[in-house]
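Data block below; observations after.
On a predicted model such as this, the values are computed, not experimentally measured, just so you know.
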There are 2 protein chains.
Amino acid sequence: MKLTTKGRYAVMALADIAKFDKNNPISLRDISLRQGISLLYLEQIFSKLKKNEIVKSVRGSNGGYILTKSPEQIKLSNIFTAVQEEIKTVHCKKESKRGCNGKATKCITHNLWDELELHINDFFNKKNLGDLIKGKNERVL
Amino acid sequence: MKLTTKGRYAVMALADIAKFDKNNPISLRDISLRQGISLLYLEQIFSKLKKNEIVKSVRGSNGGYILTKSPEQIKLSNIFTAVQEEIKTVHCKKESKRGCNGKATKCITHNLWDELELHINDFFNKKNLGDLIKGKNERVL
DNA sequence: TTAAACTTGACTATTTTACTATGGTATATA
DNA sequence: TATATACCATAGTAAAATAGTCAAGTTTAA
Ligand code: FES
Ligand code: FES
């Protein structure tokens, strides 16, 4: 069970914007330099964040990205959904009545993995970008 | 974030033993057939479970595997540790003072991922094999 | 003595991840 | 209006991880 860079970088980059935003758009170039993330990779990630209205872009020189809402209103679950960092604990199709490995019924562990998924999503629903940039979580970027 | 088959199969197979054990060893062949898991793959997994004393083996014909403790005493975290299903939410070396991407300090998201890891491990520490085979979690294997 | 079962280590196909490459389009500012 | 600085989109790809398989045993109950 690993968190992929897509999800990690998305949160990192948005936290960077939340922290450095002085009502100006933040360029991907700056984020790339500060966070040590490939610019081209960031572009990919931000394309998704924009489509999902987590950020909006300002084109042209001195352009960049701005959060569409206050950091407190952006939940981690919103970010993860946007970049398609999926939490996948089961191998069966959840909506189907059939189980994994092609069985006719759900397997003995199905409910357990389902609970786990809820448990993890719960965490992401409770945390928001604001939590990251204030209080004891504060760090030097 | 995905749960790998190694962890899923380990729990599935042990639940199978817990359920079908009538004080007799359960053969991997039976588990393989009932759960639809490759026998050769199960052998790999059980080698680790045995080394970590989750199960003990009975050799010879009519042999198989027995749980070393009662299902209630076997926590999911024990199983996951045994088969090396690692929960890895950070990319930095935790024990080190340095951050990910070779930075001198921990990144702004480090604490968050650390909390997430605790949150997930908490779940695995609270659940045991016994929870799987009784009560409302019960399913047809 | 033989078949059923466990044991070990190496090997490999497939999939996923984590990017890079290429070739654009849009626009603020000089 | 030139142009540098941004964003945008699609395709490709090297490396790593996953999910197994294969081969060659050893052990022991019947
Ligand atoms: S995980 Fe859903 S049926 Fe096995
Ligand atoms: S996750 Fe630990 S420093 Fe970035």
Q: Identify, with sequence neighbours excluded, every residue that meets side chain to side chain donor-acceptor pair (under 3.5 Å) alongside N125(A).
A: S77(A)
Q.
Nearest whole Å is fine: how far is dA9(D) C1' from I45(A) CD1?
A. 15 Å
**Q.** Interface residues of residues 46-56 of chain B with DNA chain C (non-hydrogen, below 4.0 angstrom)
**A.** K50(B)
Q. Does any residue of residues 81-92 of chain A have a heavy atom under 4.0 Å from DNA chain D, and if so, which ones, in number order?
A. none
Q | Distance, rounded to the nearest Å, where R29(A) contributes CZ and dA28(C) contributes P | A | 20 Å
Q.
Between P on dA19(D) and OH on Y9(B), what's the gap in Å once rounded to a whole number?
A. 8 Å
Q.
Applying side chain to side chain donor-acceptor pair (under 3.5 Å), can you list everything that pairs with S38(A), at least two apart in sequence or on another chain?
A. none
When the side chains of residues 42-57 of chain A are checked against the rest of the protein, which donor-acceptor pairs come out under 3.5 Å, sequence neighbours left out?
residue	atom	partner	partner atom	Å
K50(A)	NZ	S57(A)	OG	3.1
N52(A)	ND2	K48(A)	O	2.9

Q) Shortest non-hydrogen contact from Y41(A) to K6(A)? A) OH-N, 4.0 Å
Q: Could you identify which residues cluster with V58(A), counting Ile, Leu, Val, Met, Phe, Trp and Tyr as linked when any side-chain heavy atoms lie under 4.5 Å apart, either directly or through a chain of such contacts?
A: I66(A)
Q: Would you kindly compare K2(A) and S27(A) by the position of their nearest DNA chain D nucleotide and give the one closer to the 5′ end?
A: S27(A)
Q: Linking directly or through intermediates, with side-chain heavy atoms under 4.5 Å: list the remaining ILVMFWY members grouped with L33(B), chain and number order.
A: none
Q) Rounded to whole angstroms, how far apart are CD1 on I26(A) and C1' on dA6(D)? A) 14 Å
Q) When you check the phosphate oxygens OP1 and OP2 of dA5(C), does a side-chain N or O of Y65(B) lie under 4.0 Å from one of them? A) no
Q | Pairwise salt bridge (Lys or Arg N to Asp or Glu O under 4.0 Å) hits with a residue in residues 116-125 of chain A, at least two apart | A | K94(A)-E117(A), D122(A)-K126(A)
Q: Mark up nucleotides 21-30 of chain D, 5' to 3', with B wherever a protein heavy atom is under 4.0 angstrom from a base atom, S wherever such an atom reaches only the sugar-phosphate, and - elsewhere.
A: BB---BSBSS
**Q.** side chain to side chain donor-acceptor pair (under 3.5 Å) involving Q73(A) - partner list, sequence neighbours excluded
**A.** S70(A)
Q | Residues in side chain to side chain donor-acceptor pair (under 3.5 Å) contact with Y9(B), at least two apart in sequence or another chain | A | none
Q: Give every residue pair that meets the ring pair (Phe, Tyr, Trp, His ring centres under 6.0 Å) criterion with at least one member in residues 78-102 of chain A, sequence neighbours excluded.
A: F80(A)-F124(A)
Q.
If we ignore hydrogens and angles and just use 3.5 Å, is the side chain of N121(B) paired with the main-chain N or O of L118(B) as donor and acceptor?
A. no
Q: Please state how far atom CG in L42(B) lies from atom C1' in dT8(C), giving the value in whole angstrom units.
A: 16 Å
Q: Quickly work out the I37(B) CD1 to dT18(D) P distance and round it to whole Å.
A: 17 Å
Q) Between dA17(D) atom C1' and L3(B) atom CG, what is the distance in whole Å? A) 15 Å
(Q) If the cut-off is 4.0 Å, is T4(B) near the phosphate of dA17(D), judged by side-chain N/O to OP1 or OP2? (A) no
